[in-house]
Amino acid sequence: MVVYSFYIFDRHTECIYTRRWNQRPPSASKPVRPQSGASLTSNGDTIPGARKGLSREDDAKLIFGTIFSLRNMVKRLGGEDDVFISYRTGDYKLHYYETPTRLKFVMLTDTKTNNLRIVLQQIWANLYVEFVVKNPLSPVEHPGGVGVANELFEMGLDSFITQVFPS
Amino acid sequence: MYAPARSSTSHMQRPKLTTLRAVFSLLIINKAGGLVYNRKFTAGLNDLSSNDLLIMAGTFHGVHEISRSIAPAPSQPSHIPLSTSSSSTATAGTTIQQNPTTLRASGIEVFESATFRLQCFQTLTRTKFLLLTEPQQPNVEVILRRIHELYADFVMKNPFQTLEMPIRCEKFDRAVDGFVRVRG
C-alpha cells in the first residue's frame, strides 16, 4: 500500500490543499503537454509515461476535471443518491469522498489499496474540521488554500497517513 | 505447469454456480469516442436517452485519456507506442506475444460508485468495451473478453459492417444476450 498524493477541492472548484508523498523527482525529460489542437485519437499513441512533468496546478486541474465528469456520470446513471467512490487504472487508484458541503477529498494510491472512503471521511472529520474549520484565525472560505495548510493539520495528516499506510 | 491460457478459459461456458448478480448494460465506444453499440440487459440504472448516452460515452472517452496523464507513479518501462509505423511492428509484435498486459493502456479500468461498477476493457485498436454491473458481480473481465470475442466473430467478420460506425447486427445482439443471460 503506497499513497501518492492527496487533494482537497472546495465548492468553488478550487484546489485548496495538495500533498504528495513518495514522489520521484521530476524526470529530466522535457514536459510534454497535450496540444489543444491535437485530436484525442492521435494522442492515444503517446507513451503513457511521457506526459510527466505537468506542474502541480495542472495536475490538480486535471484531477478535478476527471472527478467532476465522473461524478456527474454517476449521478446521471445511478440517480441523485449515488456517490462516486473510486476508479482504478493500471498505474494508480483514485479515491473520492465528498462532504455535504461539496468539499471534495481525493487520494491517489497504488492499485492494490482497498477502499479508502472511510479514511478520507476521517481526515475530514478528525483533521479538517478540528484544525481548519475550528481554527479561529482561518477564514471561512480558503481562496488559494489560505488557512488549510497549517502546522497542526499537516502534522495530523502525516501521522494519520503513516498509521493507515505502515511502510 | 499447464496453467490454461486466458483465452481458453473464456471459451469454456461453464454454468455459473450461484450468480444472481446483475449485468446492467454494455457500451462499445469506438476509438474516436463515439458510441457505436449500446445494449441493456437488466433494469436497475436510470434509463438514459440516446443523446445522453452519446454524451456519456464521449465524456468517458475524454476522462479515460486524462486519467492516463495524471498517473503519479512512473508506469512500467515496457510501454511501447502501439501504432508508430510499420518499421517497429516486428519488435512490437514480439512484445505483444511476450506479455499482452503491459501493452494495455493505463486508462480507467474499473470505476465504482455505490450502486454500480463500470469495467472498461480497451482493445489494442483502442475500441473500448464498457460493462456496467452490480458492484459484486464476479469475473467481469472474463465476460468482457468473451464479449470481445463475440464482437470479433459477429461484427468484424460481417462484410456489411463499416468500421467505427454504429453496430447493427442481429446475430451479435443475440449472441451477447445469450452469453450475458447465461453468465450474469
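Numbered from 1 within each chain, the chains take letters A, B, ... in sequence-line order.
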In terms of heavy-atom contacts, does CZ of F41(B) have more than 12 from other residues, nucleotides or ligands at under 6.0 Å? yes

According to a hydrophobic-cluster definition based on side-chain heavy atoms being under 4.5 Å apart (Ile, Leu, Val, Met, Phe, Trp, Tyr only), do F105(A) and F165(A) belong together? yes

CG of L62(A) to CD1 of I66(B), rounded to nearest 0.5 Å, is 6.0 Å

Most contacts with chain A, counted as non-hydrogen pairs under 4.5 angstrom, among V63(B), L118(B), L132(B), V110(B): V110(B)

Are M155(A) and V3(A) linked, directly or through intermediate hydrophobic residues, by side-chain heavy-atom contacts shorter than 4.5 Å (ILVMFWY only)? no

L48(B) versus chain A, heavy atoms under 4.5 Å apart: side chain, backbone, both or neither? side chain

Within a reach of under 6.0 Å around CG of L152(A), are more than 12 heavy atoms found that belong to other residues, nucleotides or ligands? yes

By a 4.5 Å heavy-atom criterion (distance strictly below it), what part of T59(B) contacts chain A: side chain, backbone, both, or neither? side chain

Would a single hydrophobic cluster contain both L103(A) and V83(A), if residues Ile, Leu, Val, Met, Phe, Trp and Tyr are joined by side-chain heavy-atom contacts under 4.5 Å? no

With a 4.5 Å cut-off on side-chain heavy-atom distances among I, L, V, M, F, W and Y, is there a chain of contacts connecting L163(B) to Y37(B)? yes

If you take all heavy atoms of D82(A) and S113(B), which pair is closest and at what distance? OD2-OG, 2.9 Å

Say you draw a straight line from CD1 of I55(B) to OG of S69(A); how long is it, rounded to the nearest 0.5 Å? 12.0 Å

Pick one of side chain, backbone, both or neither for K75(A), based on which atoms fall under 4.5 Å of a heavy atom in chain B. backbone

Determine the option with the most heavy-atom pairs under 4.5 angstrom with chain B, choosing from T66(A), L70(A), I63(A). L70(A)

Could you give the distance from CG (N46(B)) to CZ (R76(A)), rounded to the nearest 0.5 Å? 10.5 Å

Under 3.5 Å: donor-acceptor pair, side chain of Y92(A), backbone of S67(B): yes

Got a second to check how far M73(A)'s CE is from F111(B)'s CZ, nearest 0.5 Å? 4.5 Å

Is the side chain of D91(A) donor-acceptor paired with the backbone N or O of A71(B) at a distance under 3.5 Å, no angle test? no

Side chain from CB out, backbone as N, CA, C, O: work out which of these in R71(A) comes under 4.5 Å of a heavy atom of chain B, or both, or neither. neither

Say you draw a straight line from CD of E112(B) to CZ of R117(A); how long is it, rounded to the nearest 0.5 Å? 11.5 Å

So if you build clusters from Ile, Leu, Val, Met, Phe, Trp, Tyr with side-chain heavy-atom gaps below 4.5 Å, do I85(A) and Y4(A) land together? no

Could you have a look at D110(A), L108(A), L77(A) and say which one has the most heavy-atom pairs with chain B under 4.5 angstrom? L77(A)

